[in-house]
Structures are given as C-alpha cells and as structure tokens.
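A quick write-up on the structure given underneath.
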2 protein chains.
Amino acid sequence: MPSSDVPDPAELLRQHGLQVTAQRIAVIRAVSAYPHGTVDDVAEAVHDDIGSISRQAVYDSVGMLAEKGLIRRIQPAGSPARYEDRVGDNHHHLICRTCDQMVDVDCAVGYTPCLTAADDFGYEIDEAEVIYWGRCPECMAADTQPVVQ
Amino acid sequence: MPSSDVPDPAELLRQHGLQVTAQRIAVIRAVSAYPHGTVDDVAEAVHDDIGSISRQAVYDSVGMLAEKGLIRRIQPAGSPARYEDRVGDNHHHLICRTCDQMVDVDCAVGYTPCLTAADDFGYEIDEAEVIYWGRCPECMAADTQPVVQ
DNA sequence: ACAAATATTGGAATAAGTCCAGAATTGATG
DNA sequence: CATCAATTCTGGACTTATTCCAATATTTGT
C-alpha cells in the first residue's frame, strides 16, 4: 500500500476532534504495526518508537481511539482487551483454543449486524459479534503426533 | 418442571467422575438458580446456601464443571467469566451495551459450529460464538426521554 | 506570550483470577 | 468401622488487567 494511502495519524486525530500528541500518534502506529495487540504490546511498541509512555496514557489513548472508531477493541473470552486498526468491515476472528493465535475472517455481509437473532426481545441490536474457535493447523499437527512410549 | 426432571447434582458429579462435595453441590445449585452469574455471584449464593466457601473452591468447582460440560462458561467482552447450566443447545446471548443485561437467544442451528467461516485457514473450527450487542428496551426508553432544559 | 483545557505521568487502588502449603474431606479398601 | 491415599478446600499471597487520582506537562486558541 503506497504510503500516500496510509492516513496521517495527526490528521486522523484532528478530524475526530482529538488533540494531537506524540503519545497518541505512537499508539496509532503501534496498533497498526501489531494488530490484535494488548495494552502491554502497544506500550512496548510505543516505548520502542518514542522512548516512553505511561500505561495510563496507553489506556486513555486506545480507549479514546476506539470510541471514535479509529481503531477497534475486541476482547475474546479469556483475553485482555486487544486492538486493531482494521475497522468498518465487521470482520470476525478465528482463534486457536490451544495457542491463542488469532486470524481475521471476512464477514460475509460486511456490516453490522450481520446476523438476525431468533428473538430480539425488543432490543435495538447493533452488532452480532462472531468469534470462531478451534485449533490451528500447527496445534492440530502437534496434538496428533504419535506418542512415543 | 417437576423436581424429578431436575438431575440430582450428586449423581451428575458421580456420572462425570467427580468427587461429591457439599461445595460442588452448592455451586451447581447456585449456577442453576442464577444464570450468567459471576464467581462472586456464585460464591454469595453458596454462602447463603451452605454457610461458607472459599473463592478458590468456587473457581475450582466452576472450572471443573465447565470442563466436564455440566455448566457453560461465557465471557463477553468487558465482563468477568459467567456461568450457566443451560448447556448443549449452543444458544447465543444478547447483551445491552448500557446496563449489561443479558438474555439467551436460541441458536437457529442448535449445535456447533452454527456458522461457516468465509476462510477457515486450515483450522479445525469447533464453535462459532455469537454475541448480539445492542440496547435493551429499558435503556432505549431512558435514552430517548426528552431532556428537560 | 499567555492561559484554559486537555493529556500525561507515576503512582495507588480495585477487580478478576491464579498459586500454594497445610488442613479437611471423600471414598476405596480391608 | 478404621485406615489411608487421593482429592478438595481453606485462607491467604501473588499476578494480571484495568481504573482512579493529584500533580505536572503539553496542546491549542487568542
């Protein structure tokens, strides 16, 4: 992707009424570089990028960015919150139960909600979150290796 | 449901090779009485039932019961782990983003996985977890009340 | 340059879950 | 019924993830 296609983080922040700070720019870059990263992953990447950042600032930044729709917050069962910059296509995730590896899976519909509940109980449903669980090829291969007696 | 239809917790435990203890029986009863309860909810219910139980014993019990398929562990984004005794029908959940109220939604298929990923990446998929997010009727009504200036 | 508003810092605190040694209980066995 | 091994429970300590908070720093508009 040509660098001209990568939106300027500072511009993104301004467009959404957010103050531009070095920390926020670094957080955006970190989330882009490491999809599905945790706050710790992001903090580490930011540390490598601009030298240092408080955990509070990471929490504040990802929270604000997610609220504005600039990044997406996901949190599969048993996981801390994770962040990705692939937004707007309602893609799903496929996660290995053994090694926790996660891959993106396109949504057949492409927007929310992509499923209809059998009964909506009068709720105004805005999203059908889908997570596919299973085992990745590597863990399947490792699991079925013959046991040496 | 006639009480004869309610499986005896002790018998359930024995059938699954688990030792029968007062704590485990009380945990099973608590999860049945309070679907979608957290460990704290269960501990409180058990406390009312048999007087006392350690948090560790609650964690151990629900963990073991879930492993054996006697109860189900769910953990929507932003929530601690929750437990329910409605197992085997792959039902989904509908959660209010405002008040966190959760209701069960029947699965159109009734067994896992109930959806097919656009690309399975060679994974062996055993479940498509679906969570519907939105706002419940009460929160919708409260939100659209005219603002008195 | 200045000042208000916002953001960051660096801790303290809370919530959720795990680890652990010792005590208690369960259930098989004789 | 007594005994004992295995398992479970207890009551803390500990870890991870996230939030709270006062003081300080930075951004941005004037």
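By convention in this document, chain letters (A, B, ...) are assigned in the order of the sequence lines, proteins followed by strands, and residues within each chain are numbered from 1. Values below: every heavy atom of this structure, side chains too, minus hydrogens, waters and symmetry copies.
Checking D:dT7, D:dT18, C:dT8 against every side-chain atom of B:Gln19, the shortest atom distance belongs to D:dT7. In this structure, the nucleotide among D:dC9, D:dT18, C:dT9 sitting nearest to the side chain of A:Tyr59 is D:dT18. Distances were taken from every side-chain heavy atom of A:Val20 (C-beta onward) to each of C:dT8, D:dA17, D:dT28; the shortest belongs to D:dT28. Listed candidates were C:dA7, D:dC9, C:dT9. Nearest to the side chain of B:Asp60 is D:dC9. For A:Asp40, whose side chain is taken as the heavy atoms from C-beta onward, the closest listed nucleotide among D:dA17, D:dT10, C:dT9 is D:dA17. Side-chain proximity of A:Ser54 to the nucleotides D:dT18, C:dT8, D:dA17 is greatest for C:dT8. Among C:dA16, D:dT18, C:dT8, the nucleotide with an atom closest to any side-chain atom of A:Val39 is D:dT18.
Distance NE2/B:His93 to CZ/B:Arg72: 5.0 Å, rounded to 0.5 Å.
Phosphate contact (OP1/OP2 of C:dT9, side-chain N/O of A:Gln23, threshold under 4.0 Å): present. Residue A:Arg55 places no side-chain N or O under 4.0 Å from the OP1 or OP2 atom of D:dT18.
Checked by atom type and distance alone, the side chain of B:Arg55 never pairs as donor or acceptor with a backbone atom of B:Ala43 at under 3.5 Å.
Mapped onto DNA chain C by nearest heavy atom, A:Gly17 and B:Thr21 fall at different nucleotides, with A:Gly17 at the one closer to the 5' end.
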